[in-house]
Amino acid sequence: MNSSNQRFQTTSHSMYRINHGTNRISKLKQVRFADLGFSERNHLQEWLANQPDALGEDLLIIQKEFDGFDDTKERLDLLAIDKAGGLVIIENKLDDSGRNVVWQSLKYASYCSTLSQQKIAEIFQRYLDKHQPGQDAQTQICEFLGKEDFDDVVLNPGMDQRIIMVAAEFRKEVTSTVLWLLKHRVLLKCFKATPFQDGSDLFLTVEQLIPLPEAEELMIGISEKEVEEQSLERGQANRHKLRTEFWHQTLEALEQAKVALYSNVGPSRDHWLNAGSGLSGVHYSMIFNRDEVRVNFVLNRASKEQNKSLFDLLLAHASELEKLFGAPLAWRRMDDKKVSIIEYCQAYDGHNRESWPAMIAWVVDHIQRLEKAFDTQIPALRVALR
């Protein structure tokens, strides 16, 4: 594969000189940095360090050739602070981005993620001492961020360090990786730097390549939505795992207690676990919630009228049933629903595994008591349905 095929192909753009006298434009020659004898460190880096708004935003450059990484000899090209106090890692390449620029930039971002506010001020002060003697780092940071006092400043919050990469050409393997990382909320931008020549006059354009400026706001919105969806999916997966583990332990405890009611039931990822009563549409249920556990006797036959009729029959024996159960029950006829439920609950911190032994012991005890009480009524319910 030749080098041109390895690079990210973009629609070439041109620059023109306007001639007022002839009212014509003339096309300028696009050239390569290497042909002009320019280098990354002495030219492109210096231009951006002294004109950071060429990257489309206000940035405060706080270090060049930063090498303050423990146990490495690596240097990042430019380190900056943005208007939100976040750190921005700027990596510059000339005519070719190279294959490893993304990996290199990610390493630098990870190194910088641990920099404290005081450490950042010290890094900037060393830069000022070398390039602008007599200037105070904390004062300049306050002025840049519009803060009165350095104690009010927040620098490098969270894990959202940003990366900006600048090059004349970006390889496909680089842009493909950048687009994938953007989808996963790693904050990167790619800028295409292009030199032009007209006789002895030289010109430079710096255009944002990824993400396209007009799509950036939309991408941010999409990213936030995706993060929310991914968070919900992870939360749901965690809940499913938690419930399955809880039911597995509960079923083991029921087996050890020689409770046959759930002998043919397996663990579930649902917050409920049902066992039949011997009567179709009527079952016992254990409920595992974040803040409580419950045992239910559920009337859920196909006919709403049958459920209400069976509920009324049981309610007529409420005192007897509660005496057998050993506690007052919650009788929920629920006239607006098809189902009717009789239940008993206990508050627990359900998602705290340390609560599980007490919760499981409670469930094992009370599901037995519920079965003992309501099993006496199954023959009467069966007769009522004839």
Side-chain angles (χ1 to χ4, degrees), residues 3 6-8 10 40-41 44-45 48-49 52 54-57 59-117 119-120 123-124 127 154-193 206-213 215-216 219-220 222-224 226-227 230-231 234:
S3 60
Q6 288 179 310
R7 299 192 182 99
F8 186 67
T10 60
E40 292 172 14
R41 180 177 298 182
L44 185 57
Q45 181 175 288
L48 295 175
L55 298 174
E57 61 180 296
L59 295 170
L60 179 65
I61 303 297
I62 64 169
Q63 192 55 269
K64 293 189 294 187
E65 297 292 319
F66 178 58
D67 61 355
F69 307 129
D70 294 338
D71 303 322
T72 78
K73 296 181 179 180
E74 295 173 298
R75 297 170 177 262
L76 71 83
D77 294 337
L78 294 171
L79 183 61
I81 298 172
D82 64 21
K83 281 294 189 178
L87 287 185
V88 183
I89 290 83
I90 304 171
E91 277 298 294
N92 310 306
K93 303 297 179 184
L94 286 182
D95 295 307
D96 189 326
S97 64
R99 293 184 177 87
N100 300 319
V101 63
V102 178
W103 169 239
Q104 188 177 37
S105 299
L106 289 172
K107 283 194 298 180
Y108 294 156
S110 72
Y111 298 157
C112 290
S113 68
T114 62
L115 294 177
S116 67
Q117 181 159 313
K119 184 66 174 178
I120 292 169
I123 291 168
F124 188 27
Y127 176 79
V154 177
L155 295 177
N156 200 23
M159 298 300 291
D160 287 336
Q161 294 72 35
R162 297 168 53 208
I163 297 170
I164 293 177
M165 294 182 288
V166 185
E169 296 289 344
F170 285 92
R171 294 171 180 248
K172 285 186 177 180
E173 57 263 45
V174 171
T175 55
S176 174
T177 306
V178 167
L179 291 170
W180 185 87
L181 289 167
L182 277 171
K183 183 176 176 62
H184 290 79
R185 287 197 78 245
V186 179
L187 305 177
L188 296 101
K189 289 183 180 181
C190 294
F191 283 84
K192 180 182 175 72
V206 181
E207 59 176 335
Q208 186 172 325
L209 188 65
I210 301 175
L212 293 175
E216 188 170 0
M219 290 184 68
I220 291 171
I222 292 172
S223 178
E224 290 173 350
E226 288 175 342
V227 168
Q230 290 169 5
S231 177
R234 286 193 296 269

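- Every side-chain hydrogen bond (donor to acceptor under 3.5 Å, both in side chains) that E57 has, sequence neighbours left out, goes to R162.
- Among residues two or more places apart in sequence or in another chain, the side-chain contact (heavy atoms from CB on, under 4.5 Å) test is passed with L106 by V102, I163, L181, V186.
- A distance of 4.0 Å separates CD1 in I62 from CG in L79, rounded to the nearest 0.5 Å.
- Counting heavy atoms from C-beta on, the side chains of I61 and I90 come closer than 4.5 Å.
- Under the rule for a ring-ring contact (aromatic ring centres under 6.0 Å, His included), the partners of W180 that lie at least two apart in sequence or sit in another chain are H184.
- No donor-acceptor pair under 3.5 Å is formed between the side chain of K64 and the backbone N or O of L78.
- At distances below 3.5 Å, not a single donor-acceptor pair connects side-chain atoms of S176 with backbone N or O atoms of E173.
- Residues forming a side-chain hydrogen bond (donor to acceptor under 3.5 Å, both in side chains) with K83 (at least two apart in sequence, or on another chain): none.
- In this structure, D82 contributes its side chain and V88 its backbone to no donor-acceptor pair below 3.5 Å.
- Contact detail for F66 and L115: the closest heavy-atom pair is CE2-CD1, 4.5 Å.
- With rounding to the nearest 0.5 Å, the separation of CZ in R171 from CG in N100 is 9.0 Å.
- Checked against side-chain hydrogen bond (donor to acceptor under 3.5 Å, both in side chains), Q104 has the following partners two or more places apart in sequence or in another chain: K93, Y108.
- Side-chain contact between L76 and C112: present, with at least one pair of heavy atoms (C-beta onward) separated by less than 4.5 Å.
- Side chain of E91 to main chain of D77: a donor-acceptor pair is present (N/O by atom type, distance under 3.5 Å, no hydrogens or angles).
- Every ring-ring contact (aromatic ring centres under 6.0 Å, His included) that Y127 has, sequence neighbours left out, goes to H131.
- Proximity of V178 to M165: side-chain heavy atoms (C-beta onward) are separated by under 4.5 Å at one or more points.
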